[in-house]
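Throughout, numbering of the chain's residues begins at 1 and tracks the sequence.
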Amino acid sequence: MSSQPAAPAKLDAAVLKIAGVVVLGAIMSILDVTVVSVALPTFQTEFDASYARVAWTMTGYTLALATVIPLTGWAADRFGTKRLYMAALVLFTLGSGLCATADSIGQLIGFRVLQGLGGGMLMPLGMTIMTRAAGPERIGRLMAVLGIPMLLGPIGGPILGGWLIDVASWHWIFLINLPIGVVALTYAQWALPKDAPEPSESFDFVGMLMLSPGLALFLYGVSSLPETGTFADRKVWLPMLVGGLLVVAFVVYSFKPKHPLLDLRLLRDRNLTVASVTMAVFMVAFMGAGLLFPSYFLQVRGESTLDAGLLMAPQGIGAMVTMPIAGMLADKIPVGRTVPFALVLIAAGFFAFTQVDTDTSYWLLCGSLFVMGLGMGGTMMPIMTSALKTLTNHEVARGSTLLNILQQIAGSVGSAIMSVILTSKLNDAPVIPGVVDPNTGAPVTEAGLAIAVKQNPDLAQQFPVDPGLLQRGLEFVADSFATTFWVGFALVLVTFVPAFFLPRRRQVSHLLDDEQAPAPVLIH
């Protein structure tokens, strides 16, 4: 292979046909996370459960993802990507249908775990299928296609979820996956190339007993942090400690077997290591902020769930503008020369949110989200392209698995950090003397009442207080969001450090060097 390859060819119809299958699966998996997030208040009412209880409909899904992702690399080698991908689609679709039949919060949480077991395999398998189909010089363009659902899911989910709940019922946020799942299965059977699995590798049972429970316990502790508000609570530190020790034990052990569950030897590749660290730091900021933006519109500005989702649309539009361009550039220009400029756009857009108050111009906020979207479209997929481009075909499944685990952990940590900071700040709000919550008997704070009245103006009759107090409480809430946005802004700035070490010279792909697993399709 020449070290100076010709300009990469455009994606032909046959490759795009395969990409369509993967994008459908990615949309199902990613969209489902954000669609459910807007249904949590509805679940509280329908199942007469606390917020902490219904939040496990999301946490259980996340833990299932973390548990099954490490198995994906081995399973793809053992059973073949097509068979496993279709099995994951069946499991996800079945879980979706069962979720719609749940008549208790416990059942719903259990069915969400089943759904997550299927959803956790869709993304790493999709990345493997698409990378092999594209060939070595078109990864950037193909990753840009895969990046569409990854970036638009957090934006389209609240819009779709709010609309379905308003016009139908909560059941439809799950039922909508059934026809999509049937189409995706039919499409996959027709479009994906025939499997050529390599069942020679033995399964790493010892590694599984350490890594999967370790990740699940660690993320359980992290996910419990917003509920408890402190690391000192045993519900937080104990599972994090046990899970962390299991993960560390796996890291030490993983270099001994020939075929470990998660191949950390891949991190000897400098490009993969740098890209992985950059991706992890970026995801902490991106996922944490992804929760804060719609929450600001809901709690401070009093917008409906659907309107809050629509206000997030400029971010998705910005990403759609730059993502195809970034994909083409990633095939031609070293990502170390493009990603820093995209991060500048993200930081510039993010800064505006550190200045928010109770009546910040929507033009400014939507414009800032658009600028952030431009940056995000030029960040995520080029980084993933850099990570996978120097791996052989046989290593792609393992590398994809590693990247997806890092994204899952980073996203959960980012969400927890932002939630804890915001909650802690809001808990410092002054208490209104003599006013208690009729449901819990707990004292009501100025900030808490301001949020409640903003979302439901009728409560102003139930709690007759001075309008000046409500305004003061609302200003406190806005200031709490601004303080938390400063943390997110700082995390974006930290991303510049590992991004500085991204490759600045043209990478030579090795995706065709592995004779055991040559790219099976469509190299023209």
Side-chain angles (χ1 to χ4, degrees), residues 17-36 57-58 60-102 107-133 146 149-150 153 157 160 164 171-199 203 208 212 216 397 400-401 404-405 408 520-521:
K17 179 176 70 174
I18 294 175
V21 179
V22 176
V23 168
L24 265 179
I27 288 174
M28 291 173 65
S29 177
I30 298 173
L31 203 62
D32 198 72
V33 177
T34 51
V35 165
V36 172
T57 58
M58 295 191 64
Y61 185 87
T62 301
L63 296 182
L65 291 181
T67 302
V68 76
I69 286 175
L71 309 178
T72 306
W74 169 83
D77 293 338
R78 175 65 179 82
F79 301 107
T81 53
K82 178 177 182 177
R83 295 173 190 167
L84 192 61
Y85 192 80
M86 293 184 67
L89 284 173
V90 170
L91 198 58
F92 184 88
T93 305
L94 176 63
S96 298
L98 289 173
C99 284
T101 68
Q107 285 186 7
L108 182 58
I109 293 171
F111 293 147
R112 283 284 286 167
V113 170
L114 178 64
Q115 195 183 27
L117 293 176
M121 291 186 284
L122 290 176
M123 282 304 296
L125 281 172
M127 290 172 63
T128 301
I129 292 169
M130 290 177 68
T131 304
R132 290 180 178 177
L146 183 58
M150 294 181 69
L160 179 62
L164 287 173
H171 304 82
W172 281 95
I173 65 177
F174 300 111
L175 290 174
I176 195 173
N177 285 326
L178 299 185
I180 299 176
V182 171
V183 171
L185 276 168
T186 306
Y187 193 179
Q189 176 62 36
W190 169 67
L192 295 183
K194 186 177 180 180
D195 278 320
E198 298 180 13
F203 182 61
M208 183 195 71
S212 290
S400 301
T401 299
N404 276 272
I405 289 176
Q408 194 63 51
V521 291

Problem - Residues that Q107 engages under side-chain hydrogen bond (donor to acceptor under 3.5 Å, both in side chains), provided they are two or more places apart - result: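 Per chain and number, Q107 pairs via side-chain hydrogen bond (donor to acceptor under 3.5 Å, both in side chains) with D103.
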
Problem - Between CG on residue L117 and CZ on residue R112, distance to nearest 0.5 Å - result: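 Rounded to the nearest 0.5 Å, the CG-CZ separation comes out at 11.5 Å.
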
Problem - NE2 on H171 to OG1 on T101, rounded to 0.5 Å - result: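 T101 atom OG1 to H171 atom NE2 measures 8.5 Å (nearest 0.5 Å).
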
Are [X] and [Y] side-chain neighbours, meaning at least one heavy-atom pair lies under 4.5 Å?
X    : Y    : value
W172 : L175 : yes
Y187 : L89  : no
L114 : L91  : yes

Exercise for the section: Under the side-chain contact (heavy atoms from CB on, under 4.5 Å) rule, what do L94 and L98 come out as? Steps first, then yes or no, please. Expected result: CA-CA 6 Å; L94 176 63; L98 289 173; 4.2 Å; yes

Nearest atoms (heavy-atom pairs only) where [X] meets [Y]:
X    : Y    : answer
A102 : F111 : CB-CD1, 4.2 Å
C99  : L108 : O-CD1, 3.7 Å
L192 : K82  : O-NZ, 3.3 Å
N177 : S96  : ND2-OG, 3.2 Å

Practice task
Give a yes or no answer on whether the side chain of Y85 reaches the backbone of V21 with a donor-acceptor pair at less than 3.5 Å.
Solution key: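 Looks like yes, one N/O pair under 3.5 Å.
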
